[in-house]
Every structure is written in structure tokens, then in C-alpha cells.
Amino acid sequence: MFRMETIQFTLPQTSIPRVWYNILPDLPKPMAPPLHPGTLKPIGPADLAPLFPMGLILQEVSAEREIEIPEEVRQIYAQWRPSPLIRARRLEKALDTPAHIYYKYEGVSPAGSHKLNTAVAQAWYNKQEGVKYLSTETGAGQWGSALAMACAFLGLECRVFMVRVSYDQKPYRRALIEAFGASVIASPSNQTDSGRAILAAHPDSRGSLGIAISEAVEVAAKDPKTNYALGSVLNHVLLHQTVIGLEAIEQMALAGDEPDVLIGCTGGGSNFAGLVMPFLGRKLKGQCHARVVAVEPTACPSLTKGRFTYDFGDTGHLTPLVKMHTLGSTFIPPGIHAGGLRYHGMAPLVSHVIDLGLAEATTVQQLDAFAAGIQFARAEGIIPAPEANHAVAVAIREALEAKAEGKPRTILFNLSGHGHFDMQSYIDYQAGKLQNYDYPAEEIAMALAGLPAVG
Ligand SMILES: Cc1ncc(COP(=O)(O)O)c(C=O)c1O
């Protein structure tokens, strides 16, 4: 008799997490503090106050293991959360692997990715403190559309500096941001000192996240009514993303499986951290044995080829110095289609966790990422965002290894967003127009030579 196999492991809306999980108090060693770029002394909350509301600054340094999610934020989460955990049975069959493959699908959010988890929280804390305007950067446009939607829900105005290469490659993402009521400016722009300086030196600059961050920070620093919102990298952003892993723990229990390996792609590190930190918290208590793998593009290998040291978060050097894996703040990655992975640094928390040996990092070439995305789409029906393809590629790699060994392996990866607004990149891939990029050693050596001298 036909017996239907369960594909989706779903939780009721009442299971939307009530708290975010903060791993900091559970780590064996504290993180290095952010430093003031002038004094090189650790910064305090007051140094960040021109940019962020105090509610978020306190989360940045919190020693609390659990931080309550405000009811209004939870209510907005209910528009799409809990997100499904899906067993990729069709992909397993296509690969003919003994591995069990699961993915947590964050593309069900109305903006199309995990970014909405923090966008809503950030807009909410800003609103509590009377802020009316937010400025931000966006790479692929996922973060910009998430913040634009969160601002529309909470009644804030939003201005988005969009990396030039994505602005040109992704007009529909731009239109979505505008549909949510935000304004979009191609970066580098003539609207800021940082943008003008870049354009003067490189009139054809295709931009980078580092440059767009400088522009958005500058706007917020100069205007007391405007705050800045960052889509990744900072502790509070990673914290908000832990709803992903907290739900996944419950869902894996529903599936009756325990992950052997956890995988996430890493741009600034937030979707990876969101999935893995709650599992790592359990691992530190001996309740989880999973290997944890961060996947970055070969073209922008901050974790695998960068240095773990103090650096600026932006190209214009307006941010504090943070200790992270970095390729140097002047490194401009090639214009690969995974726009959200083109960042010179990595979240200090993710860098720290890798330094502690709690997670490992690997790279995927652009063509391999797209090949994996197509293979995944043909089996599962979902076309992943180019960023998420990096995680898909490593999940497939793991499943094929399990097959070669003839042993089962339970794989869980974060499918951080869908690629419906990225179809031009798939058109270019299918037409053979995309290429692989190898680590440009000379350029990175030059960018690393410009690292700030700290201690
Ligand atoms: C779908 C998707 N995945 C991943 C990323 C990378 O960011 P992070 O490493 O912060 O998750 C982005 C960034 O724009 C994204 O849009």
C-alpha cells in the first residue's frame, strides 16, 4: 500500500520562539572587544549611540543567554514563521545517497530571505526610541527589501545604498524595495563624502558592501534623526537570526533525526550563525555532535584566506575596529552574482567561533554553486538565491561523500532565500557567461598591507 513520506516538518505558530539565543555566555573564551579607531581603546555604548538605538547596543554586549523577543516582533514574525524544515527526499533519490538531507527554508519570508528576522527587530527597537529614519546598505537587495518591508510595517522611512553591480544586475529587487516605500541609491554615489571619494579615484567603480556601508553610516552619523541598520556581521543581527536554529532543533526532533553536519553560506555570517549557534550551544553542553561548516565563495574567501585581526567594517573607515577574518577593508571582490557574499570581512562572532575550532570553513566556485542550484531546483522545485547555492553545493558534496563511504549521514543546511529576483544570473549561467574566480593573491596582499596597526 502507498505510504506517504513526510516532507515538511512544521511547527504551529504558537511555537515561534519567545527568546533569541545568545551564545556569548556559553563560549569558553570571550570575544575581543571592538576598538575606537582613534584611541584604540575598547568602545562603550555611548560611542555607538549616534548610529544605533540603546536597545540594540545593549544586545550587542549582552551576557544574558536568552533575550526576550518583544510581542509585536513575534506577531510580525507570525506572517511567515515558523519556517518549514524540509527533508530533501527527491534530492536524496536523485543523488542516490544514503544521507538524509534537510533544509530550513527561509525563502518563505515575504521579502524572500532570512534577513527579515533581524529587519523587523531592528526597526522595532529604533521605533521604540523615537527614530524616524533608517539608512542602510544592500548587496544583493535582499537586506534592502527586508528592511524596507519592516519599515513599512512599523512606520519608519528607509533609505538604501545599493551596491552598483547589484543595482544594475537586479532591477526587480530595486523595484521591490521601492514598492515597500524605501528609496534606493546606487553606491558609490555622489550623496556622501565616502561615495564621492571612491568615484573620484574609480569613476567606473562597481561598488562593494564595504563602500555602501560607509555611505549609509555617514548619512546616519551626520543626521541626528537618522539611525543606521546593518543586515549582518554585528552580534545583535546574528542574535535575531537564532530563531532559525531554535525552530530547527524542535523540527529535527519531530523528524526523529540528529544532524551530523550543519551548513550555511557566509557573507557577513548571519544566516549561518542563525542556524548553527543554537546547535553549538547544545554542542558545548555535549548534547549535539554535529560538524559545523561555513561556506564562502572562492572569489571572496575571508574565512579561508583572510587574516583574523582587527580591521574596519567599511571601506571609508567610519566604523569601529573589530577583530574578524578579513581580506582588508579596501579589498573589492569581483562582481560575482552572489552579491550578498561580497564582503571583505566576517562577523566577529563567526570568526571567533571558527578560531575556537567550533566550526570549519570551506569555499565554492561560482559555477559549482550555480550547478548545485540547478540540480537542487530540478529535484526540489525551489530555485535558491545565488548566495544559498553555496550551502546547497556543500550539502550535495557531503551527501556524495556519504555515498562514496556507503554510510548514512544527516545533513542540515540553511536555504537562506529564494532566487526569484536573481533569474538574470541563472540566465547568464545557462548561457555560459559566468566564470570562476580564483583568489586574486596580489590584490588581497595589497589590501592586507593596508590593515590598521593594532597592538
Ligand atoms: C539569500 C541570502 N543568503 C545569504 C546572504 C549572506 O548574508 P549573511 O552571511 O549575513 O547571511 C545574503 C545577503 O544578502 C542573502 O541575501
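Quantities reported herein were computed from a predicted structural model and do not represent experimental measurements. What's counted below: heavy atoms across the whole structure, side chains too, no hydrogens, waters or symmetry copies. In each ligand, atom 1 is the first atom listed, and ligand 1 is the first ligand listed.
Ranking protein heavy atoms by distance to atom 14 (O) of ligand 1, first place goes to G340 CA, 3.4 Å. Closest protein heavy atom to atom 10 (O) of ligand 1: S232 OG, 2.5 Å.
Judged by a 6.0 Å distance limit and a 45° cone about the ring axis, R174 is positioned over the six-membered ring of Y167.
Counting atoms of ligand 1 from 1 in the listed order, those under 4.0 Å from a heavy atom of G269 are 8 (P), 9 (O), 10 (O). Residue G268 approaches ligand 1 through these ligand atoms, each under 4.0 Å from one of its heavy atoms: 8 (P), 9 (O), 10 (O). Below 4.0 Å from some heavy atom of A385 lie the following atoms of ligand 1, by number and element: 1 (C).
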side-chain contact (heavy atoms from CB on, under 4.5 Å) assessment of I76 paired with W124: CA-CA 10 Å; I76 298 179; W124 188 86; over 6 Å; no
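A search for ring pair (Phe, Tyr, Trp, His ring centres under 6.0 Å) contacts involving H418 returns H420, not counting sequence neighbours.
The shell of residues lying under 4.0 angstrom from ligand 1, judged by heavy atoms, includes C265. Using a 4.0 Å heavy-atom cutoff, G139 is absent from the residues neighbouring ligand 1.
With a 4.0 Å heavy-atom cut-off, ligand 1 is reached by the backbone of S270 and by its side chain too. Only side-chain heavy atoms of L341 come within less than 4.0 Å of ligand 1; its backbone N, CA, C and O stay farther off. Only the backbone of T266 comes within contact range of ligand 1, with a heavy atom under 4.0 Å; no side-chain atom does.
Within the structure, every pair that satisfies the ring pair (Phe, Tyr, Trp, His ring centres under 6.0 Å) test and touches residues 340-370, not counting sequence neighbours, is listed here: F370-Y426, F370-Y429.
E129 and N227 share no side-chain donor-acceptor pair at under 3.5 Å. Using a 3.5 Å distance cut-off with no hydrogens or angles, the side chains of D428 and Q424 do pair a donor with an acceptor.
Scanning G419, S416, A146, G264 for the heavy atom closest to atom 2 (C) of ligand 1 points to S416. Nearest-heavy-atom check against atom 5 (C) of ligand 1 across R173, H114, Q142 picks out H114. Around atom 12 (C) of ligand 1, the closest heavy atom drawn from E106, R342, K115 belongs to K115.
Remark: side-chain polar atoms of Q191 are not paired, donor with acceptor, to backbone N or O of V219 under 3.5 angstrom.
Note: F312 and H317 have parallel aromatic rings, judged against thresholds of 30 and 60 degrees for the angle between ring planes.
A salt bridge links R291 to E398: one of the charged nitrogens lies within less than 4.0 Å of a carboxylate oxygen.
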